[in-house]
Amino acid sequence: MKKTDEFDNRVEIQWCPGCPNYGILNALKGALAELGKSPHEICLVSGIGQAAKLPHYLKCNFFNGLHGRAIPVATGINIANPDLTTIVVTGDGDCYGEGGNHFIHAIRRNPDLTVFVHNNEIYALTKGQASPTTPLGEKRRLKMSGVEIPPINMPAFAIMQDCSFVARGFAGDLKHLQDIMVRSIRHRGMSYVDIIQPCITWGTHPVSWYKERVRRIGDDHNPEDKNSALDIALTKDGFIHTGVLYEVPSGNIFASRFRKEVTSRPLTGLEIQSPEKIHELLLKFKPV
Amino acid sequence: MDDINVVIAGAAGEGVQTIGDLMTNAVAGQGYSVFSWKEYESRIVGGSNSYSIRIGDGLKNAPLAEADILLALNNKATDKYKGIVKKTGIIISVRKEGDRSIPIPFSSIAKKRFGEEIYANTIAIGALVSALGMDAGSIKEIIRKTFSKKGSDIVSANESAFEEGFSLAGKECVDMCPWKLLRKESGYYVISGNEAIALGAARGNCRFMTAYPMTPSTGIITYLSSVQNQLGIFIEQAEDEISAVNMAIGASYAGIRSMTATSGGGFALMVEGISLAGMTETPLVIVLAQRPGPATGLPTRTAQGDLLFAVHAGHGEFPKMIFAPADPKDAFHKMVRAFNLAEEYQTVAIVISDQFLADSRFSVEDFEVEKTEPYFQKTDTSGVKNYRRYRLTDSGISPRLYPGISEHLVCADSDEHDEYGHITEDLVKTAPDMVKKRIAKLEGLKKSILLPEEIALKDAEVVFTGWGSTRGAILEALGLLKMDGIKAGLIHFTELWPLPEYNFPKDKTYWSIEGNILGQLARLLKGEYDIHFKGHISRHDGLPITADYIRREFYEKNR
Ligand SMILES: Cc1ncc(C[n+]2csc(CCOP(=O)(O)OP(=O)(O)O)c2C)c(N)n1
Ligand SMILES: [Mg+2]
């Protein structure tokens, strides 16, 4: 097995000391090592936010793009070169707010991508405003009287829309998180993990508060059972249920039919377009 | 021969487009050069649309204002368009309209003779073919082919409908129709700007196109999707323009030439992506097919109103290039150049067209497909050590590798970054060096951009400046003015950003001709070359600039 230090690099980390993001970073390194990947086989794609800085801290190819736009960039990379293991690292603001539309449509498109959302229920980088997952009533920078609009439940939404791999992880339960990551990266088609990441600087609760409320989903849950997956995702019992909620064999994977039937290889491997083909098509514009 | 201008008018859904396309192909198939342009409302049914076909034997790819033949499919269309018919022209319409008209109640004849109104169009085609003095046999062949999939009953009914129209008009035509389009040996390609742009992209080795539908750009992705399997080009309809531009950037980063296309509103949504391509130094080609704005504007009409927007699109400072092809052949080659230069300089190339160029069908003698070749940077990684995606170089161009093709890691960042692509906050050296490095590319780019085309410049007293799709109309206007004894020339830009080093002759009187109200290119030229404009001929009513329009405005504003 590969060692996690193969993914270490010497870049100064800009996260707050003690941030659970460090744990997520380590879990990801562990998962990639466990999967036997080398740095050059991986491409991390992110937007902007504290979470989105992660690609800089792990030795790999990366594209650190614009706020909210990681998923379309990753989709483009996957179209060009599906042999790369392309993983989106994003935040709740990046993915559910600014980039919400892309997330919704990525589920429909079903590209072979993995999406890790560091969900800290806050916009951390911009100093503590509410995010789409901030619970009702919690005080945030621009809403000192408490958030008045309800949070979005993206895992439930993703299950409803038949995203073929939906899981929830916790940055305070790293072994479990690493297992989920391994499974999600192995999964063909779009896989999505919402990772609870307490914000120790702007958040309302300490990590211990979350630890008391996190419950691993039991073995009795069948992840192929959509109704029961949805039940867990929608449960409002005061607990955070972690584990694989939903996993079914992925149907039609984005761009795979075209690759199979038309190019029979990744688009990056194609010969230069022949001018004869252009002539051929141009002739159709010559009326006789 | 003198050019013949045929205008077909009717409501949306009434068959204007079908008749126009069929006649364009039929006339071109007889060896004539044709130029067709459409003028239509943003609706699917009703309203009033027109389709003009200019027929000649030389290449004259520009619209004419007056008609020799008006085919009006309903009375409203007759009322709206009869004013453009020349004194020597004729009107084929439902009712009698003055002396020089051929009344044919298309629908009622269709219903009476063939039981259904849908044959009205074929009757109209028969009448038009007769008026133009064309050989009925070869057109009937086209009709047979067009309807062959629908079964022999439909084919023979259409043939009879055609003959009906042909003979009805033939009787009336005797003294009125001087035209005789006999078959000729020559042959032209007949192609729209959108189709030529699509094929140029393919020639430039584009492998991925994504777009969100927006008139008048949609024809590009529509055509490419119809031939994607033959060409091996992956096509995806994006959920919005923001996604389109970012998907194209992602695919380009990963190693394939990629593009997107849109119009003003969608382009506005792409602007942050343009800046991203500039910062990450990712090659990207965007086609901006203009229509009148602001906001939704006139969705199906034409304009040249987005030049300054395109020039300034993207926050921050970074090099980009802008092309504005004059016609489909030019567009074909410009697309290859756009892909080549976007790759060479690792930044954005914007190709600006407009509804007029996008939708009109032009005659092209020879595309000279081989003339502009795609060329590629080397991606040989054998000698590479300590790879840095953003290595500082004199030219500003860093060695570009693709992720996954070797052990070398390719790290791209929208934050200001160091040579490796990692975020930097070093304001002393790294950040300013990177700004300089990117801007350094401008030097080379300026030399790569082609100089403007000069026409009749030497003897000219009046010199027009123009850009993009108005070239044909301006050339024709030069001819009209020459007949009036005015010595006029043209400096025409089809590659216009960054503006190249160029000397404007000093002893001329300059006039700009543009499809916008502000004289947007003129403003750029004033700033860059310090020239003075005596006047601006601007068109901003949604219709294309014609030679007549230029002449009229020139005299009007010169009084
Ligand atoms: C277009 C745009 N709008 C706003 C911002 C400012 N901005 C940067 S990160 C961010 C929110 C990040 O939230 P999240 O994705 O949850 O990341 P976190 O910092 O919480 O990890 C915002 C609003 C930006 N960079 N770009
Ligand atoms: Mg957040």
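Worth knowing before you read on, the calculation uses all heavy atoms, side chains too, and leaves out hydrogens, waters and symmetry mates. Note on naming: letters A, B, ... go to the chains in the order of the sequence lines (proteins, then strands), and numbering restarts at 1 for each one.
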Where on [X] is there a heavy atom nearer than 4.5 Å to chain B: the side chain, the backbone, both, or neither?
{"X": "A:Q14", "value": "side chain"}
{"X": "A:K59", "value": "both"}
{"X": "A:I48", "value": "side chain"}
{"X": "A:V73", "value": "both"}
{"X": "A:C60", "value": "backbone"}
{"X": "A:R108", "value": "neither"}
{"X": "A:V11", "value": "side chain"}

If we define contacts as heavy-atom pairs under 4.5 Å, which of [options] has the most with chain A?
{"options": "B:Y420, B:F376, B:F332", "answer": "B:F376"}
{"options": "B:N25, B:L199, B:V369", "answer": "B:V369"}
{"options": "B:I405, B:I233, B:T282, B:V27", "answer": "B:I233"}
{"options": "B:Q228, B:Q30, B:E373, B:R257", "answer": "B:Q228"}
{"options": "B:E272, B:R361, B:E141", "answer": "B:E272"}
{"options": "B:V227, B:T24, B:I249, B:L276", "answer": "B:L276"}

| Within residues 76-85 of chain A, which positions have a heavy-atom distance to chain B below 4.5 Å? |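 Against chain B, the residues of residues 76-85 of chain A that fall inside the cut-off (heavy atoms, under 4.5 Å) are A:G76, A:I77, A:I79, A:A80, A:N81, A:L84.
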
| said: Taking 4.5 Å as the heavy-atom cut-off, does anything in residues 86-105 of chain A contact chain B, and if so which residues? | reply: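 The stretch touches chain B at A:N101, A:H102, A:H105.
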
| task | May I ask you to decide if the ring planes of B:Y253 and A:F63 are parallel, tilted or perpendicular, using 30° and 60° as cut-offs? | result |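 Perpendicular.
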
What part of [X] gets within 4.5 angstrom of chain A, counting heavy atoms only: side chain, backbone, both, or neither?
{"X": "B:A248", "value": "neither"}
{"X": "B:S243", "value": "both"}
{"X": "B:E195", "value": "side chain"}
{"X": "B:S406", "value": "backbone"}

Gap between atom [atom2] of [Y] and atom [atom1] of [X] - 0.5 Å precision:
{"X": "A:I272", "Y": "B:N205", "atom1": "CD1", "atom2": "CG", "answer": "6.0 Å"}
{"X": "A:E12", "Y": "B:E425", "atom1": "CD", "atom2": "CD", "answer": "9.5 Å"}
{"X": "A:N64", "Y": "B:H417", "atom1": "CG", "atom2": "NE2", "answer": "10.5 Å"}
{"X": "B:E236", "Y": "A:R109", "atom1": "CD", "atom2": "CZ", "answer": "4.5 Å"}

| task | Give the intermediate values and the outcome of side-chain contact (heavy atoms from CB on, under 4.5 Å) for residues A:K53 and B:D415. | result | CA-CA 10 Å; A:K53 289 178 182 170; B:D415 297 90; over 6 Å; no

I'd like to know if the side chain of [X] and the backbone of [Y] have a donor-acceptor N/O pair within less than 3.5 Å.
{"X": "A:Q273", "Y": "B:L231", "answer": "yes"}
{"X": "A:K286", "Y": "B:V190", "answer": "no"}
{"X": "A:N61", "Y": "B:C411", "answer": "no"}

| task | Decide whether B:E370 and A:H279 meet the rule of one side-chain donor and one side-chain acceptor closer than 3.5 Å. | result |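 There is such a pair (donor and acceptor under 3.5 Å, judged by atom type) between the side chains of B:E370 and A:H279.
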
For the ring pair [X] and [Y], is the centre-to-centre distance below 6.0 Å?
{"X": "A:F62", "Y": "B:H422", "result": "yes"}
{"X": "B:Y223", "Y": "A:F285", "result": "yes"}
{"X": "A:F258", "Y": "B:F208", "result": "no"}

| query | If we only count heavy atoms from C-beta on, is the B:I242 to A:P72 side-chain gap below 4.5 Å? | reply | no

| request: Using a cut-off of under 4.5 Å on heavy-atom pairs, state which of A:L267, A:T263, A:L281, A:V288 scores highest against chain B. | output: A:L281

| field | Heavy-atom pairs under 4.5 Å with chain B, option from A:L282, A:N9, A:L270, A:L44 with the top count | value | A:L282

